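Written below as structure tokens is the structure these notes are about.
Predicted, not measured: the structure shown is a model, and the values here were computed from it. Reminder, nothing fancy here: chain letters follow the sequence lines and each chain counts from 1.
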Amino acid sequence: MDIFGTLMRRESLFLNREVLRPSYIPDVLPHREREITHLAEIFLPALKGEQPSNVFIYGKTGTGKTAVVKLVGSKLIEKGRETNHLIDFIYINCEVVDTHYRLLQNIANQLINSWKDRIPFTGLPTDEVYLRLREIMDEKKRVAIIVLDEIDKLKGDEALYTLSRMNGDLSNAKVSLVGISNDLKFTEFLDPRVKSSLGEENMVFYPYNAQELQDILEQRAKAALKPGVLSDSVIPLCAALAAREHGDARRALDLLRIAAELAERENAKKVTDRHVRKAMHKIELDHIAEVVKTLPLHSKILLLAILREEKKRKSMGMNLSLTTGEVYDTYCNMCKKMSIEPLTQRRVGDLISELDMLGIITARVISKGRYGRTREIRLSSSAEIQRILQNDSSLRPLLLYRGEQMKLI
DNA sequence: CTTCCACAGGAAGGTCTGGCGG
DNA sequence: CCGCCAGACCTTCCTGTGGAAG
């Protein structure tokens, strides 16, 4: 059987799939011309060997913050090479690199060329790492622009404090910082000194509206897909759906790409609205499935406890929402069944908040007056969560064999 | 108006792991 | 090998609180 032969003969709808991926940065960013110019003006002094102002950039996800910064950054490096002013442009995502130590370590390692001088990711005292970083930068004698994406994910403001006053410790090199955040309230909690230093320049990226999203999609679709494969209403629909979710361009591009992939798999000649809706559903379920699978054991037990309580409520025709106390009781029972020591209620409270932030459950704080203050807990997609948990081997003792399938007890 | 429930969630500290230099 | 370090993950102890009931 020529499995791949058959698949390969199937006509692809794509010219270049990459163009629709979130990591792709096009050379032209529609509706961000003003932001690009503004940022370029701020960076300009770097080309004269001077230190650009620090910048703080706000904006929700998918508003083009990262794309604009990376685009302007790469143009800056290019121009720097031409004019013989070498510039270090360091991009760090603080969601991945989220502590003082790792931040310094990461910056230093991006500046180091040789493998063996690299700084280990644990073991050294933090100030030692800082000293080494200083040495490295002073040796290079360059202007370095350090981009801290998702800066609000950074734990503690010590790291920002260190970086923002680093210029005082450097004799030959210069540092300027670009902070990117989608949390508008982020600076409120910062040390005032850091706040004023980081906020020398401020930029706000507003969400795209449906029309702007359409322009973006059209531009990308032209490069990514073969001509004529999109039904007329597909792009407006993707744009409208994404606009509903606070104008997230990343979401819009994902929708279009996945819709096209689904259509291709069906061997369809054209991408239609139906594919887009299917894509949206798929994105939601994939997200939940991915997160639930990788959850630590106690969070899984907790989810199972919520699932089971909800089912019980449903069969009794009662109100679906649960409280922390109820969930905790069921959770403790389940732990007993598995002969596992349950976590404290305090800890479980934190786990519940985490699940809420991940979008697996909704947990709103409500007051029931005389009957206390608690969280109102609900699963966001019980069918999908149940499907994942039923196939989880670590929860086996809590599941029951019935016919061919594992069922919840 | 006050009371008081059932927690929320802050602070501080303990334990364990992986990985470093010496 | 040891001693040290940062960070993940928990516990203990604690103070704070929205709003129905009294």
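- Rounded to whole Å, the distance from CD on A:E354 to P on B:dG9 is 13 Å.
- Applying the side chain to side chain donor-acceptor pair (under 3.5 Å) test to pairs two or more places apart or on separate chains, those with a residue in residues 346-358 of chain A are A:R346-A:D350, A:S353-A:R375.
- Between A:L104 atom CG and C:dC5 atom P the separation is 17 Å, expressed in whole Å.
- Rounding to whole angstrom units, CD1 of residue A:I377 and C1' of B:dA6 are separated by 13 Å.
- Counting only residues at least two apart or in different chains, side chain to side chain donor-acceptor pair (under 3.5 Å) contacts with residues 64-78 of chain A comprise A:D27-A:K75, A:T66-A:D149.
- For the salt bridge (Lys or Arg N to Asp or Glu O under 4.0 Å) condition, the pairs that include at least one residue of residues 321-330 of chain A, sequence neighbours left out, are A:R313-A:E326.
- Considering only side-chain N and O atoms, A:T323 lies under 4.0 angstrom from the phosphate OP1 or OP2 of B:dC7.
- The side chain to side chain donor-acceptor pair (under 3.5 Å) check on A:R257 picks up A:D254, with sequence neighbours excluded.
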- Query: Passes ring-ring contact (aromatic ring centres under 6.0 Å, His included), A:F89 versus A:Y91? Steps please.
  - Reply: CA-CA 7 Å; A:F89 186 81; A:Y91 174 86; 7.7 Å; no
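- Between the CG atom of A:L103 and the P atom of C:dG7 there is a distance of 11 Å, rounded to whole Å.
- Rounded to a whole Å, the OH atom of A:Y130 is 21 Å from the C1' atom of C:dC5.
- For A:E261, the side chain to side chain donor-acceptor pair (under 3.5 Å) partners two or more places apart in sequence, or in a different chain, are A:R17.
- Remark: P of B:dA8 and CD1 of A:I352 are 7 Å apart, rounded to the nearest angstrom.
- A salt bridge links A:R132 with A:E128: the closest approach of a Lys/Arg side-chain nitrogen to an acidic carboxylate oxygen falls below 4.0 angstrom.
- Protein atom CG of A:D350 is 9 Å distant from nucleotide atom P of B:dA8, rounded to whole Å.
- Take A:Y328 and apply the ring pair (Phe, Tyr, Trp, His ring centres under 6.0 Å) test, not counting sequence neighbours, and it matches A:Y331.
- Of the residues in residues 325-334 of chain A, those placing a heavy atom less than 4.0 Å from an atom of DNA chain B are A:G325, in numerical order.
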- Note on the structure: Under a 4.0 Å heavy-atom criterion, the protein footprint on nucleotides 12-22 of chain C, written with B, S and -, is BB--BBBBBS-
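- Note on A:T324: a side-chain N or O is less than 4.0 Å away from OP1 or OP2 of B:dA8.
- Each side chain to side chain donor-acceptor pair (under 3.5 Å) pair with one or both residues in residues 233-246 of chain A, not counting sequence neighbours, appears once here: A:S233-A:D273.
- A search for side chain to side chain donor-acceptor pair (under 3.5 Å) contacts involving A:K79 returns A:E82, not counting sequence neighbours.
- Partners of A:E212 according to the side chain to side chain donor-acceptor pair (under 3.5 Å) rule, which considers only residues two or more places apart in sequence or in another chain, do not exist here.
- Atom-to-atom, CG of A:N106 to P of C:dA6 comes out at 17 Å; the value is rounded to the nearest Å.
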- Would you give a per-nucleotide map of nucleotides 13-19 of chain B, 5' to 3', where B means the base has a protein non-hydrogen atom under 4.0 Å away, S means only the sugar-phosphate does, and - means neither? -----BS
